[in-house]
Student: 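One structure follows; several queries about it will come next.
Proteins come first, then strands; the chains are lettered A, B, ... in the order of their sequence lines, and each starts at number 1.
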There are 2 protein chains.
Amino acid sequence: MKLSEGVEAAIHCAATLAGVEGGATMPGAALAEQFGLSGSYLLKHLQALTAAGILESVPGPAGGYRLARAPDRISLLDIVLAVEGPQPAFRCGEIRRNGPVKLPTDAYVKPCGIKVAMLRAERAYRAALAEEKLSDIVADFMSDADPRSVAAACAFAERHQRPQKSSSPKQ
Amino acid sequence: MKLSEGVEAAIHCAATLAGVEGGATMPGAALAEQFGLSGSYLLKHLQALTAAGILESVPGPAGGYRLARAPDRISLLDIVLAVEGPQPAFRCGEIRRNGPVKLPTDAYVKPCGIKVAMLRAERAYRAALAEEKLSDIVADFMSDADPRSVAAACAFAERHQRPQKSSSPKQ
DNA sequence: GTACATGTACTCGGATACTGGGTGTCCGAGTGTCGCCGG
DNA sequence: CCGGCGACACTCGGACACCCAGTATCCGAGTACATGTAC
């Protein structure tokens, strides 16, 4: 039961990207600098988010990443699943069948009760994660966090975002 | 987000031990055979359960493991935490502080909103796991599972449990 | 002066090493039992 | 025949290798802009 470090980075990046204007993008290198990470490595996770349809990538100069949809339609579950993969945390190896007593296969049509219980709890986890919207994260940060921190984040976003001329119809 | 394989084995072992009489024990080697696992390896997890106070170990011949308390007072959360460790799945590395802009430490007294959100979801997960009692797992297995599977499990338990003469006051 | 071709700089993307936790295995410590010996 | 002693067998417990996912890094592909040249 351990999430990879990339999850934290991915969420922070998504939250940062939620602060830039509509069509503007921010290079992965800037995001990496923002959090003191290796740019080359952070790209790996940004690519995962892009593949999952959470981010969009724009190549070339003045390119970068931006959110693919509104922050209130992005949940922490989406990000976690994109980085960690969709498979559940509990993997049932069906070890109940590995005993020395070999029962016919049709004795195991009923699913393993332990698996059912574990997945039921995991559904609760995912439901709770799905309730945590990226927009709420950002809103709470803007209102509750230390003003200096907010100002620094906004300044950084302002400085590194690159407005897209083609896609953004003038702001 | 991936639980170790040992969790599945630990839960199965605990469920099996819930089926033996009060003071009786079952050797770890028997449990390993029951699930086709390496005995030496399974001990590692059984030791973790023992250290967490979920199981009791009896050394010497006729020794083995048994539940340390009633199955209705053992939840899947207890077992998962014993095997995986108590630390939460989401580890906040405070990467928000790693940026090039160095703010004073007192700008970060408020906890990271992302951490708060992640841990809130994780609390839901743990609460759901805490609701899954080992007694329910066993009861569901006894009533719902295939009769042949139940019979095999009972026969195995009957064959391998070793009644403790000292602690069990004659059954 | 304008339009086109070319070179450059910047971006993302995928392929390639390194490392730590989990997995798997081994040998040693402790304990109860059985057998043997002495009384 | 009974009690004490010693060796044995079985158990758990901790310490030691192996392997894969995650971590970290590099180089290559693609695109937009800037520049230089021809018309």
Student: If you check every side-chain atom of B:P27, which of D:dT11, C:dG13, C:dT11 has the closest atom?
Tutor: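 The listed nucleotide nearest to B:P27's side chain is D:dT11.
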Student: Tell me, for nucleotides 20-32 of chain D in 5' to 3' order, what letter each nucleotide earns: B for a base near a protein heavy atom under 4.0 Å, S for only sugar-phosphate near one, - for neither?
Tutor: -SSBBBB---BBB
Student: Can we say B:K110 and A:D140 salt-bridge, meaning some charged N sits less than 4.0 Å from an Asp/Glu carboxylate O?
Tutor: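 No, B:K110 and A:D140 are not salt-bridged.
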Student: In whole angstrom, what separates B:L55's CG from D:dT11's P?
Tutor: 17 Å
Student: Counting only heavy atoms not in A:R73, do more than 12 sit closer than 6.0 Å to its CZ atom?
Tutor: no
Student: For residues A:E56 and A:A68, report the shortest heavy-atom separation together with the two atoms involved.
Tutor: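 For A:E56 versus A:A68, the nearest heavy atoms are CG-CB, 3.7 Å.
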Student: Once you round it to whole Å, what is the distance between P of C:dC12 and CG of A:L31?
Tutor: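 Rounding to the nearest Å, CG of A:L31 and P of C:dC12 are 9 Å apart.
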Student: Just to confirm, is there a sub-4.0 Å distance from OP1 or OP2 of C:dG14 to any side-chain nitrogen or oxygen of A:Q47?
Tutor: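 Yes.
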Student: With sequence neighbours left out, what residues match A:A52 under side-chain contact (heavy atoms from CB on, under 4.5 Å)?
Tutor: A:I54, A:A82
Student: Can you establish whether the number of heavy atoms outside A:E94 located under 6.0 Å from its atom CD is more than 12?
Tutor: yes
Student: Please state whether the phosphate of C:dG13, meaning OP1 or OP2, lies under 4.0 angstrom from any side-chain nitrogen or oxygen of A:S57.
Tutor: yes
Student: Roughly how many Å is it from NE2 in B:H160 to C1' in D:dC10, rounded to a whole number?
Tutor: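 To the nearest whole Å, that distance equals 15 Å.
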